[in-house]
Amino acid sequence: MALIVKKFGGSSVANAERVFNVANRIIDDYKKGNDVVVVVSAQGDTTDDLIEKAKEINPQGASKREMDMLLSAGEQMSIALLAMAIEKLGCPVISLLGWQAGFHTDSHHGIARIKNVNTERIKNEIAKRNIVIVAGFQGLNKYDDITTLGRGGSDTSAVAIAAAMKADLCQIYTDVDGVYSADPRKVSNAVKMDEIGYDEMLELATLGAQVLNNRSVEMAKKYNVELEVLSSLEYKPGTIVKETVKMEKTLIRGVAKDNNVACISIVALEDTPGIAFKIFNKLAQYKVNVDIILQSVGRDGTKDITFTVSQDQSQLAVDAIESLKGSLNYKNIKVDTSVTKVSIVGAGMESHPGVASKMFEALYDAAINIQMISTSEIKISVLIDSKYADKAVSVVHDAFLG
Ligand code: ADP
Ligand code: ASP
Ligand code: MG
């Protein structure tokens, strides 16, 4: 007998047939005598559809509090439907919203962080031998307002429950059968991994491999929760995400891309000491998360500073720089949203020279221009024109893993 946490993503519960498929998988484990806690996302494209509905009412953007109120409804629907299916199949079940399941978060609507999960209610329901179905992606802040955890946040809900309840298994079911060396829907020769370490998985998720939400990996690492990513439609082993201790360090583990990037250039800045401090201090005050930074060599007393942010923060970044008018001399600001960040990840690159050059050669052979480069111990990212994004992922993948 084990305590199993299972999470099913939107496509796994997209219609009635899929809901029954998931219900049956849950019941299989339950009937073996296990305790089963299930986290579900909103069905199919429900979350996107709700965002569109909000835009119909207020194209400028509704308040974040009301957006959370709206978006959390998607998961409310799916937990009730899944519970109804399990009920129909004759097993005891109860659905719980995030707050009923004890999810307490901070107050950053739209991207709230889980502070703690009070698992008392879940434990009581399990003691009654109920299958417990929990709404992913949502919680309650200290003002008793509904919050959401950011897109893809149901993965984090599942890991949080697994950590809080010290579950024996945490299974993340999705529409592919594991974690691959690149998005298997885009790269036909992508390779499925049997295992991957937390650090490499965290980089891949952060750099755009949406199969796991990056915060869920961060949390899994922090609380040492071993995850399995597997298919909700096929019965076969998936990919285990765990601490790397015994794992062989491969040179390159995977390739990921992120389209949600805006590149901002401040052109012809005065070339004097303290300029970078002034700009990035102001961006920090505006709570803009800056990713890659590039400064040109000074010429004729001026220089350019270019940096990247997520697209939803690009206007905020421009506002921050414009607020410095009067104390900062520059010609103009350029914003480019038609850029994509393509990255390679691998713990083995630390000790292998020549990895960057191999990546750049693959891009050069495909005549793809690199606009910016950034590196860390286990990743190399380049910024390129979005129209070459899929091609870039494919040629870089071929160079290392083809
Ligand atoms: P869910 O709704 O189950 O949470 P997501 O759509 O969030 O599913 O994530 C699964 C998708 O992630 C897959 O359909 C796949 O296209 C994409 N994906 C991107 N990179 C990878 C990767 N490296 N390995 C596996 N899937 C990936
Ligand atoms: N339904 C939410 C989303 O679409 C949360 C999730 O799927 O994990 O982002
Ligand atoms: Mg997801």
Side-chain angles (χ1 to χ4, degrees), residues 6-14 18 21-22 38-52 67-68 70-79 98 103 110-112 114 134-139 147-160 171-194 196 200-217 227-234 238-239 241 252-260 342-346 389-390 393-394 396-397 401:
K6 292 165 125 39
K7 179 259 171 179
F8 294 91
S11 51
S12 301
V13 291
R18 294 262 174 106
N21 166 60
V22 165
V38 180
V39 172
V40 248
S41 304
Q43 287 183 292
D45 297 328
T46 306
T47 309
D48 291 327
D49 295 344
L50 291 170
I51 292 172
E52 285 311 309
M67 279 309 290
D68 278 356
L70 180 68
L71 297 192
S72 62
E75 271 70 12
Q76 175 154 4
M77 286 168 61
S78 60
I79 55 166
F103 275 82
I111 187 77
I114 299 167
V134 178
F137 176 59
Q138 54 177 262
T147 53
T148 65
L149 310 178
R151 297 307 303 268
S154 299
D155 297 337
T156 315
S157 308
V159 176
Q171 299 173 310
I172 311 286
Y173 289 85
T174 184
D175 57 359
V176 289
D177 60 3
V179 180
Y180 280 73
S181 55
D183 186 341
R185 294 185 190 288
K186 296 271 168 61
V187 178
S188 57
N189 57 348
V191 195
K192 184 175 152 185
M193 305 170 199
D194 294 332
I196 180 170
E200 287 174 312
M201 189 64 239
L202 182 57
E203 286 287 3
L204 278 175
T206 305
L207 295 167
Q210 104 207 56
V211 62
L212 280 177
N213 175 282
N214 60 346
R215 280 190 179 173
S216 73
V217 185
L227 307 178
E228 184 179 13
V229 178
L230 68 174
S231 164
S232 62
L233 293 167
E234 291 171 86
T239 299
V241 185
I252 296 303
R253 198 40 96 161
V255 185
K257 69 162 186 192
D258 184 0
N259 291 321
N260 180 17
V342 173
S343 310
I344 53 174
V345 172
D390 286 339
V393 171
S394 156
V396 170
H397 184 270
L401 298 147

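Whatever order the structure lists ligands and atoms in, that order sets their numbers, starting from 1.
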Looking only at heavy atoms, the pair that brings Ala209 and Ala256 closest together is N-CB, 4.0 Å
Smallest heavy-atom separation, Met201 atom then Val211 atom, equals CE-CG1, 4.1 Å
Subset of ligand 1 atoms that lie under 4.0 Å from at least one heavy atom of [X]:
X      : result
Gly10  : 2 (O)
Tyr180 : 22 (C), 23 (N), 24 (N), 25 (C)
Pro184 : 24 (N), 25 (C), 26 (N), 27 (C)
Asp175 : 10 (C), 11 (C), 13 (C), 14 (O)
Val179 : 24 (N)
Lys7   : 4 (O)

Q.
Does ligand 1 come near enough to Gln210 that some N or O of the ligand is less than 3.5 Å from an N or O of the residue?
A. yes
- Message: Tell me whether Thr174 has any N or O atom under 3.5 angstrom from an N or O of ligand 1.
- Response: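 Yes, at least one N or O pair falls under 3.5 Å.
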For the atom pair [atom1] ([X]) and [atom2] ([Y]), what is the distance rounded to the nearest 0.5 Å?
X      : Y      : atom1 : atom2 : result
Gln171 : Lys6   : CD    : NZ    : 4.0 Å
Met67  : Thr147 : CE    : OG1   : 14.0 Å
Glu75  : Gln138 : CD    : CD    : 6.5 Å
Ser232 : Asp177 : OG    : CG    : 10.5 Å

Can you confirm whether Lys186 is buried at NZ, in the sense that more than 12 heavy atoms of other residues, nucleotides or ligands lie under 6.0 Å from that atom?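 No, NZ of Lys186 has 12 or fewer neighbouring heavy atoms, counting only those of other groups under 6.0 Å.
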- [ ] Kindly indicate whether the side chain of Leu212, heavy atoms from C-beta on, has any atom under 4.5 Å from the side chain of Leu227.
- [x] yes
of all protein heavy atoms, closest to atom 25 (C) of ligand 1 is Gly178 O, 3.4 Å
**Q.** Derivation and outcome, side-chain contact (heavy atoms from CB on, under 4.5 Å), residues Leu207 and Asp258
**A.** CA-CA 6 Å; Leu207 295 167; Asp258 184 0; 5.9 Å; no
Close residues (non-hydrogen atom under 4.0 angstrom from ligand 2) work out to Ser41, Ala42, Thr47, Glu75, Phe137, Arg151, Gly152, Gly153, Ser154
Salt bridge between Lys257 and Asp390, side-chain N to carboxylate O under 4.0 Å?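 Here Lys257 pairs with Asp390 in a salt bridge, since their nearest N and O are under 4.0 Å apart.
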Check your understanding: Looking only at non-hydrogen atoms, which of Thr239, Leu212, Asp183, Thr47 approaches atom 16 (O) of ligand 1 most closely?
Key ->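 Among Thr239, Leu212, Asp183, Thr47, the closest heavy atom to atom 16 (O) of ligand 1 comes from Asp183.
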Next item on the list: State which residues pass side-chain contact (heavy atoms from CB on, under 4.5 Å) with Ser157; sequence neighbours excluded, sorted by chain then number.
Entry: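 Scan of Ser157 (side-chain contact (heavy atoms from CB on, under 4.5 Å), adjacent residues dropped) gives Val39, Phe103, Leu149.
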So for Arg185 against ligand 1, with non-hydrogen atoms under 4.0 Å, the contacting part is side chain
key: Sub-4.0 Å heavy-atom contact, Ala182 with ligand 1   =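 So Ala182 counts as touching ligand 1.
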Q.
Please determine whether any non-hydrogen atom of Ala256 lies less than 4.0 Å from an atom of ligand 1.
A.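 For ligand 1, residue contact (heavy atoms, under 4.0 Å) with Ala256 is absent.
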Side chains of Asp68 and Thr148: any donor to acceptor distance under 3.5 Å? yes
